Each structure stands twice: as C-alpha cells, then as structure tokens.
Number of protein chains: 2
Amino acid sequence: MSRNKEQNIKMREKKQELILKEAMKEFAMKGLFATKIKDIAENVGMAQGLLYHYYKSKEEIYIEIINNAFDKLIEASESLEAMNIPAHEKIRRSIIEILITIENSEEFNQTCRFIAQAINSTAIPSEAQRLILEKRSRPYQIIGKIMQEGQSEGTIVEGDPEQLAVLYWTAINGLAIYQVSNEGKIPMPDANLLINIFLRKGV
Amino acid sequence: MSRNKEQNIKMREKKQELILKEAMKEFAMKGLFATKIKDIAENVGMAQGLLYHYYKSKEEIYIEIINNAFDKLIEASESLEAMNIPAHEKIRRSIIEILITIENSEEFNQTCRFIAQAINSTAIPSEAQRLILEKRSRPYQIIGKIMQEGQSEGTIVEGDPEQLAVLYWTAINGLAIYQVSNEGKIPMPDANLLINIFLRKGV
DNA sequence: GTCTATATCCAGATAGAC
DNA sequence: GTCTATCTGGATATAGAC
C-alpha cells in the first residue's frame with residue numbers, strides 16, 4: 001500500500017520534471033506568450049488536457065522554471081566564490097569554463113535564452129517579475145565581491161567592482177544569446193581577450 | 001484638389017509614423033505576442049478598428065519595424081566604416097559613443113531590446129525571420145572588416161577578426177539589454193576597459 | 001491517470017454606420 | 001477617416017467518460 005503510494009509520488013514527480021524540461025525548451029525558443037500549452041503537452045507526449053493534472057496553469061510552470069534557472073546560476077556563482085583559490089584565478093577559470101559551456105551545453109544556452117526573454121519582457125506574470133527582481137542581482141553581487149577581493153590582492157584592474165561585474169556578466173550573456181540565436185555554430189572568441197579585461201597587466 | 005491630396009497623404013504618413021513609434025515601444029517592452037493591437041491603438045489615441053486602415057495586420061507593423069531597426073544599425077555601421085580615420089580610432093570612438101548612447105538614448109535601447117526579442121524568438125513571422133537572417137550579419141561584417149584593417153595597420157590585437165567583431169557586438173548588446181531591463185539606472189563601465197580589449201598594447 | 005469534448009474567453013480582423 | 005458592433009478562430013482551462 002504505502003509502497004505504491006511512494007511509487008505514485010515518484011512517477012508524478014518524474015512526469016513533472018519531464019514537463020518542465022519540455023516547457024523550458026519551448027519558452028526559451030518562443031517566449032511565454034507564443035508557447036501554447038498544446039505544444040508542451042505534445043512534446044511530452046500527452047494530451048493537452050492532461051497537463052492540468054500536473055500544473056494548474058501555464059504561468060505556474062513558467063514561474064517554476066524561472067525559479068530553477070536563477071537558482072542554478074546563483075548556486076554556480078556561490079560555489080565559485082567558495083573555491084579556495086585567489087580571486088583572479090576565480091575570474092580566469094570561470095571565464096574559460098563558461099566559454100566552453102556556451103559552446104557545448106545546449107541546456108546552459110537555453111537557460112540564458114530563457115532568462116533573457118524573461119528579463120526583456122514586462123508582460124510576464126507579476127510573481128515572475130518579483131522573483132526576477134529578487135534573484136537576478138545575486139550573481140552580479142558575487143562577481144563584484146570577487147573583483148573587489150582581487151583588487152585588494154593587487155591582481156584585478158582598478159575601477160568600480162560593480163561595474164566590472166556588470167561587464168563580466170553582460171559580455172557573457174551577450175555571447176550566450178548570440179550563440180543560441182545562431183544555433184550553436186559560432187566559435188567563441190579567445191578566452192584571454194575577456195580575461196585580460198579584468199586582470200592587471202603582468203598577472 | 002491636388003494640394004488636398006498631397007496633404008492627405010502627408011497626414012496618413014504622419015499617422016503611420018506615430019503608430020510605428022508606439023508599436024515599437026510596446027513590442028520592445030512586451031514582445032510580439034504579448035502586445036495587443038488594442039494597446040497600440042490606445043497609445044496612439046485611436047479606436048482599435050481604425051488601426052487597420054493604416055496597416056493590414058499586426059505582423060505587417062512588426063515587419064516594418066524590424067526593417068527600420070536593422071537599417072538604422074547598418075547605416076550607422078557603414079558611416080563608421082566610411083570615416084576618414086585610422087581603424088583603431090573607429091573602434092575607439094564608436095565604443096565611447098555607443099556607451100554614451102546606451103546611457104542616454106531610450107530610443108536606442110528600445111531598438112536593442114526590440115532586436116533582442118526578435119532574434120530570441122523562433123515564433124515570429126517567417127518574413128521577419130528572413131529579414132533578420134538577411135540583415136543581422138551586416139554590422140558584424142563591417143566591424144570585422146575594420147578589425148582586419150587595424151591589424152594590417154598594427155594597431156588592433158591579433159586573432160580572428162570575425163571573433164573580435166562578435167565580442168565587440170555581443171558586449172555592446174549585452175550592456176544595452178542590461179541597461180534597458182534596469183530602466184536606465186546602470187552606470188556604464190569605463191569605456192577604456194572595452195577599448196583595450198581590441199587595441200594593441202601601447203596604441 | 002488518461003483521454004475526448006466542450007465551455008469560456010479573448011484578440012485579430014472585418015463590416016457598416018456616420 | 002473614425003467609430004461601434006460583430007464575426008471568427010484559437011487557446012486556456014474544465015468536465016466527464018474510461
């Protein structure tokens with residue numbers, strides 16, 4: 001009895017994950033309003049009506065995905081911050097790694113694309129807007145802190161660390177969007193070009 | 001008689017421009033699908049039905065705006081290319097100017113936002129997609145050519161000029177999107193940080 | 001849990017009076 | 001040219017059978 005119950009819950013969660021995964025793809029490609037519940041359901045392989053057994057609305061799915069997307073980004077930033085290496089090494093390694101990720105991980109670029117769509121639209125549900133407002137600044141803060149650390153250590157260029165963080169993230173974001181909107185065919189620029197923006201000469 | 005006719009045509013064109021202007025705002029903020037014809041008409045100050053005397057569909061308006069947006073960008077790139085100064089000066093001055101524009105011109109950032117939305121969605125009308133495919137690479141080509149020129153002159157860093165152009169535009173694009181999604185409150189990073197990516201040391 | 005059928009709503013586009 | 005009223009299609013969400 002109880003074992004069946006557990007299994008049912010697991011099955012339900014698996015289906016929900018599948019729905020989220022397909023919804024993410026659709027939202028990233030088309031945005032909230034051009035994505036139809038039917039599209040998502042078809043990709044999952046279920047009838048349109050059935051989707052409402054798992055989520056009560058399109059918006060609910062959207063909000064869940066926003067949450068996941070930002071949490072992943074924040075988590076990655078935090079684990080970068082926590083690494084036991086000098087600040088300039090954090091910047092260096094993260095840029096190298098992200099460029100590789102942009103070139104190879106469709107999922108990462110979907111996330112970037114999704115976030116770009118969400119941030120770029122004032123028409124999304126208010127709960128989604130609240131979440132964005134709450135979470136989007138975290139990665140900027142963390143990189144800003146690392147920049148400041150590096151300045152104290154004498155390895156990062158002078159200037160407002162916040163602005164350095166803005167440049168860091170917007171450059172990466174711009175590249176990711178460009179990549180995904182070109183169907184992953186663009187070779188990334190040499191990582192050193194980006195790295196050298198932030199490192200002091202000679203480091 | 002003929003004078004009246006001319007006047008009528010002028011009036012009509014003025015109204016059309018007004019519609020385009022308001023539509024641009026709406027599209028930039030909300031995207032094609034979340035923007036309702038009624039929203040545009042209301043902002044212009046006319047009844048929803050009347051809009052169809054000026055344009056035959058929402059898509060037609062959208063396509064017209066895409067065309068204008070890219071043409072402006074291409075025109076600016078071409079006039080940069082045509083300037084009678086060394087290549088590295090073209091890069092330097094354009095970055096300085098664009099950063100100022102991002103900070104001050106709402107219209108420019110609306111254009112960036114609109115283009116970002118359009119490029120980011122596969123759900124837009126096929127004619128719009130065709131236009132994007134046709135026109136979006138032009139500014140990249142032009143900057144790439146200038147980079148190459150500068151390399152010959154020994155003032156621009158080594159590396160694939162195409163990739164330098166990608167970095168140039170994606171960084172700018174990322175900044176513009178960030179700015180507009182923060183309602184124009186973000187101070188731009190020091191232009192020299194960006195300029196130094198591309199200039200050879202000592203130039 | 002899963003499907004089909006349907007109620008309901010909303011927005012694009014049209015028709016027709018002024 | 002301008003408006004109001006309306007047609008029409010399509011999408012969300014629900015109901016109800018299996």
Side-chain angles (χ1 to χ4, degrees), chain A residues 1-20 22-23 25-27 29-65 121-128, chain B residues 1-20 22-23 25-27 29-65 121-128:
Chain A
M1 267 301 139
S2 150
R3 196 169 312 162
N4 274 341
K5 228 180 193 171
E6 272 172 40
Q7 277 188 336
N8 283 344
I9 291 175
K10 271 223 167 134
M11 291 284 285
R12 188 181 166 83
E13 281 173 358
K14 274 254 183 287
K15 268 278 166 66
Q16 284 185 319
E17 260 177 54
L18 196 56
I19 290 170
L20 287 184
E22 294 302 325
K25 272 190 213 165
E26 294 291 313
F27 287 144
M29 297 303 283
K30 306 195 286 199
L32 172 59
F33 298 95
T35 298
K36 307 306 169 192
I37 286 284
K38 205 183 129 200
D39 302 336
I40 301 173
E42 265 173 15
N43 283 329
V44 174
M46 60 171 60
Q48 182 253 24
L50 181 54
L51 207 140
Y52 289 89
H53 270 268
Y54 295 96
Y55 290 98
K56 75 171 207 295
S57 69
K58 189 166 80 165
E59 292 194 356
E60 197 190 26
I61 299 175
Y62 190 78
I63 287 165
E64 179 102 14
I65 292 177
S121 173
T122 62
I124 58 173
S126 58
E127 169 67 5
Chain B
M1 266 299 141
S2 149
R3 197 171 308 164
N4 274 341
K5 228 182 193 172
E6 272 172 39
Q7 277 189 337
N8 284 341
I9 291 175
K10 270 223 167 135
M11 291 285 285
R12 188 183 165 81
E13 280 173 359
K14 273 255 182 287
K15 268 277 167 66
Q16 283 185 321
E17 259 178 54
L18 196 57
I19 290 170
L20 287 184
E22 294 302 326
K25 270 191 212 165
E26 294 291 312
F27 287 144
M29 297 304 282
K30 306 195 288 201
L32 172 60
F33 298 95
T35 297
K36 309 303 170 192
I37 287 284
K38 204 183 129 201
D39 302 337
I40 301 172
E42 266 174 15
N43 282 330
V44 175
M46 61 171 58
Q48 183 253 19
L50 181 54
L51 207 138
Y52 289 88
H53 270 267
Y54 295 96
Y55 291 99
K56 75 172 208 296
S57 69
K58 190 166 80 164
E59 293 194 356
E60 197 191 24
I61 299 174
Y62 190 77
I63 288 165
E64 179 102 14
I65 292 176
S121 174
T122 62
I124 58 173
S126 58
E127 168 66 7

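Below, chains carry the letters A, B, ... as their sequence lines are ordered, and counting in each starts from 1. Keep in mind the model is a prediction, meaning the values are calculated, not measured.
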What integer distance in Å separates [X]:[atom1] from [N]:[atom2]?
| X | N | atom1 | atom2 | result |
| --- | --- | --- | --- | --- |
| B/Lys58 | C/dT14 | NZ | C1' | 17 Å |
| B/Tyr55 | C/dT14 | OH | P | 17 Å |
| B/Leu51 | D/dT4 | CG | C1' | 16 Å |
| B/Gln16 | D/dT2 | CD | P | 12 Å |
| A/Glu42 | C/dC3 | CD | C1' | 14 Å |
| B/Glu60 | C/dG12 | CD | C1' | 14 Å |
| A/Leu18 | C/dG1 | CG | C1' | 15 Å |
| B/Tyr62 | C/dA13 | OH | P | 15 Å |

Consider the side chain of [X], meaning its heavy atoms from C-beta on, and name the nucleotide among [options] that approaches it most closely.
| X | options | value |
| --- | --- | --- |
| A/Gln48 | C/dG1, D/dT4, D/dT12 | D/dT12 |
| A/Arg12 | D/dC3, C/dC3, C/dG1 | C/dG1 |
| A/Lys36 | D/dT12, C/dT2, D/dA13 | D/dT12 |
| B/Tyr54 | D/dT2, C/dC3, C/dG12 | D/dT2 |
| A/Leu50 | C/dG12, C/dC3, D/dG1 | C/dC3 |

Ignoring backbone atoms, establish whether [X] has a side-chain N or O less than 4.0 Å from OP1 or OP2 of [N].
| X | N | result |
| --- | --- | --- |
| A/Tyr52 | D/dT14 | no |
| A/Lys38 | D/dG10 | no |
| B/Lys56 | C/dG12 | no |

Least distance between heavy atoms, [X] atom then [Y] atom:
| X | Y | value |
| --- | --- | --- |
| B/Ile61 | B/Ala23 | CG2-CB, 3.6 Å |
| B/Ile19 | B/Val44 | CA-CG2, 3.9 Å |
| A/Phe33 | A/Ser121 | CE1-OG, 4.5 Å |
| A/Lys58 | A/Leu32 | NZ-O, 3.1 Å |

Original post:
Taking NZ, NE, NH1 and NH2 as the nitrogens, is one of them in B/Glu22 or B/Lys25 under 4.0 Å from a carboxylate oxygen of the other?
Top reply: yes
Subject >> Given DNA chain D, 5'-ward residue of the pair A/Gly49 and B/His53, judged by closest heavy atom >> reply: B/His53
Original post:
Where each residue is assigned the nucleotide of DNA chain C containing its nearest heavy atom, which of A/Ala47 and B/Phe33 is assigned the position nearer the 5′ end?
Top reply: A/Ala47
